[in-house]
Amino acid sequence: MECPTKVCLASVMIILIHTVMTYDIQTIMEIRQIANDETWQSRIINGYPATEGQFPYVCQLLIDKTTIVEMGIIREISLCTCSIISAKWVLTAGHCIMKTNASLEETVEYSIQCGSIYADNQDPDFTRNVSESNAFRHPNYNENTLENDVGLIYISPAFDLELNSSLLTSIPINCPPNITDFESDYLTVAGFGNIYTNDTLPTQLYWTDELEYMNKLDCENDWQFQALPNSSFCAWDYTTPASSICNGDSGCPIITPDIIQVGIGSYGANPCNALPQGFTDLANEDVCHWILKRTKKGH
């Protein structure tokens with residue numbers, strides 16, 4: 001998973017297995033128990049631990065990419081966050097959708113783990129394992145600029161959102177856009193990331209409600225006039241110490257006080273709270289059009 005100068009916020013760990021073996025996506029949790037590497041950077045910085053049922057639409061997304069090479073297997077495990085937007089679809093960042101190289105022997109599997117604030121939850125009612133063929137990213141996604149940084153994953157079998165709505169439900173999104181004045185609101189983010197920039201593996205969902213919409217020109221000024229994606233907006237915590245999203249929070253929802261998702265966690269800086277964070281804007285015409293078209297078309 002390549003990232004541009006702006007830091008895309010997925011956590012990545014690469015493991016070389018010298019003996020060719022077959023792995024199930026569930027063994028990720030075992031690997032997470034022994035991994036203690038600063039490349040896994042994820043969780044809301046200066047945020048708060050969530051309580052059960054507080055964000056029943058936020059899920060952990062594990063991506064397992066396996067490449068068979070001459071000396072064994074290279075296994076790249078990435079961590080993102082996603083949100084449930086319907087019984088059949090979750091929404092995430094485009095850079096969390098990994099593609100295989102046709103010239104290599106590669107596979108990608110996704111594990112979507114919902115219904116709990118704890119990262120090691122694997123309740124079968126709330127967990128879905130998904131193949132690469134059911135994961136989609138915007139056709140005009142640009143990995144260098146993070147333009148159109150949006151992805152969708154089709155859930156099969158569909159989640160039963162009536163089973164336990166206090167732990168599993170969908171969130172309405174601002175697409176088609178029906179709110180345009182959230183610039184004056186405090187915005188909430190929640191994700192499965194680190195509470196420190198170089199922390200170890202996440203164990204729990206964290207959140208903050210201190211982010212405020214930031215003017216694009218002011219944001220580009222803070223980023224030393226780097227051209228930011230047209231399909232994104234910035235948000236920033238003006239308090240000290242500032243809270244922020246971090247690696248592993250890629251794909252997390254940014255939410256208005258009325259519980260409407262207006263954006264998707266896309267990029268930030270290192271250290272994570274050093275600069276304003278970028279979110280894919282769900283009201284952006286290209287982004288919204290693709291979401292509506294893709295979800296209507298099905299898998």
Side-chain angles (χ1 to χ4, degrees), residues 1-14 32 35-50 58 60-61 63 76-82 92-96 119 143-146 149 186-229 232-255 263-281:
M1 182 178 295
E2 298 181 359
C3 300
T5 303
K6 296 179 287 295
V7 181
C8 64
L9 299 172
S11 293
V12 179
M13 181 173 64
I14 298 176
R32 293 175 70 250
N36 184 18
D37 190 301
E38 66 178 19
T39 58
W40 282 78
Q41 302 171 20
S42 38
R43 217 190 279 171
I44 301 295
I45 303 295
N46 294 319
Y48 313 98
V58 178
Q60 182 174 227
L61 174 61
I63 308 102
E76 183 177 348
I77 303 171
S78 304
L79 170 65
C80 287
T81 301
C82 60
T92 191
H95 67 262
C96 294
E143 67 179 16
N144 296 312
T145 66
L146 293 179
D149 189 15
Y186 280 98
L187 302 172
T188 297
V189 290
F192 286 94
N194 278 6
I195 54 175
Y196 308 107
T197 295
N198 292 318
D199 201 2
T200 56
L201 297 180
T203 58
Q204 186 176 343
L205 181 69
Y206 270 64
W207 66 283
T208 180
D209 59 358
E210 298 290 341
L211 297 189
E212 297 180 65
Y213 178 89
M214 189 176 197
N215 176 277
K216 180 67 80 68
L217 184 60
D218 291 339
C219 188
E220 289 181 339
N221 182 52
D222 281 356
W223 277 90
Q224 299 182 352
F225 294 100
Q226 287 191 48
L228 301 178
S232 72
F233 67 85
C234 293
W236 179 240
D237 179 358
Y238 291 91
T239 64
T240 303
S243 57
S244 75
I245 58 175
C246 197
N247 303 70
D249 292 318
S250 282
C252 73
I254 184 165
I255 308 159
I264 305 166
S266 178
Y267 59 87
N270 189 6
C272 291
N273 60 349
L275 290 170
Q277 298 98 65
F279 299 84
T280 301
D281 187 355

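Because the structure is predicted, anything quoted here is derived from the model rather than measured. Scope of the values below: all heavy atoms of this structure, side chains included, with no hydrogens, waters or symmetry mates. Heads up: numbering here begins at 1 and tracks the sequence.
Two residues are said to be in side-chain contact when any heavy atoms from C-beta on lie closer than 4.5 Å; E212 and L187 fail this criterion. Side chains of E210 and Y48 form a contact here, defined as non-hydrogen atoms less than 4.5 Å apart. Residues W223 and L228 meet the side-chain proximity criterion, which asks for heavy atoms closer than 4.5 Å. Taking 4.5 Å as the limit, some side-chain heavy atom of H95 sits within range of a side-chain heavy atom of S250.
Every residue meeting the side-chain hydrogen bond (donor to acceptor under 3.5 Å, both in side chains) condition with S243, not counting sequence neighbours, appears here in chain and number order: T208, D237. In this structure, the side chain to side chain contact (heavy atoms under 4.5 Å, CB included) partners of A235, at least two apart in sequence or on a different chain, are L211, I254, F279. Scored by the ring pair (Phe, Tyr, Trp, His ring centres under 6.0 Å) test, Y186 finds no partners at all (sequence neighbours excluded).
Residue N215 holds its CG atom at 13.5 Å from CZ of F233, rounded to the nearest 0.5 Å. E220 CD to D222 CG: the interatomic distance, rounded to the nearest 0.5 Å, is 10.5 Å. Taken to the nearest 0.5 Å, the SG atom of C219 stands 9.5 Å off from the OH atom of Y213. Atom CG in L61 sits 8.0 Å away from atom OG1 in T81 (nearest 0.5 Å). With rounding to the nearest 0.5 angstrom, the CD atom of Q60 is 9.5 Å from the CG atom of L205.
Although no hydrogens or angles enter the test, the distance criterion places no donor-acceptor pair under 3.5 Å between the side chain of D149 and the main chain of T280. Remark: the backbone N or O of G278 is not paired with any side-chain donor or acceptor of S266 at under 3.5 angstrom. Not one N or O on the side chain of N273 forms a donor-acceptor pair closer than 3.5 Å with the backbone of S244.
Across every non-hydrogen atom of P241 and N46, the tightest pair is CB-ND2, 3.6 Å. Nearest heavy-atom pair across M214 and W236 is SD-CB, 4.1 Å.
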**Request:** Please assess C272 against C246 for the test disulfide bond (SG atoms under 2.5 Å apart), listing each intermediate value before the final yes or no.
**Result:** CA-CA 5 Å; C272 291; C246 197; 1.8 Å; yes
**Asked** Would I44 and V189 satisfy side chain to side chain contact (heavy atoms under 4.5 Å, CB included), going step by step from the backbone distance to the final call?
**Response** CA-CA 8 Å; I44 301 295; V189 290; 3.9 Å; yes
**Prompt:** Do C96 and C80 pass the disulfide bond (SG atoms under 2.5 Å apart) test, and can you show the C-alpha distance, the side-chain angles, and the key distance before you say yes or no?
**Reply:** CA-CA 6 Å; C96 294; C80 287; 2.1 Å; yes
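Looking at Y267 and S232, their side chains do bring a donor and an acceptor atom within 3.5 Å of each other.
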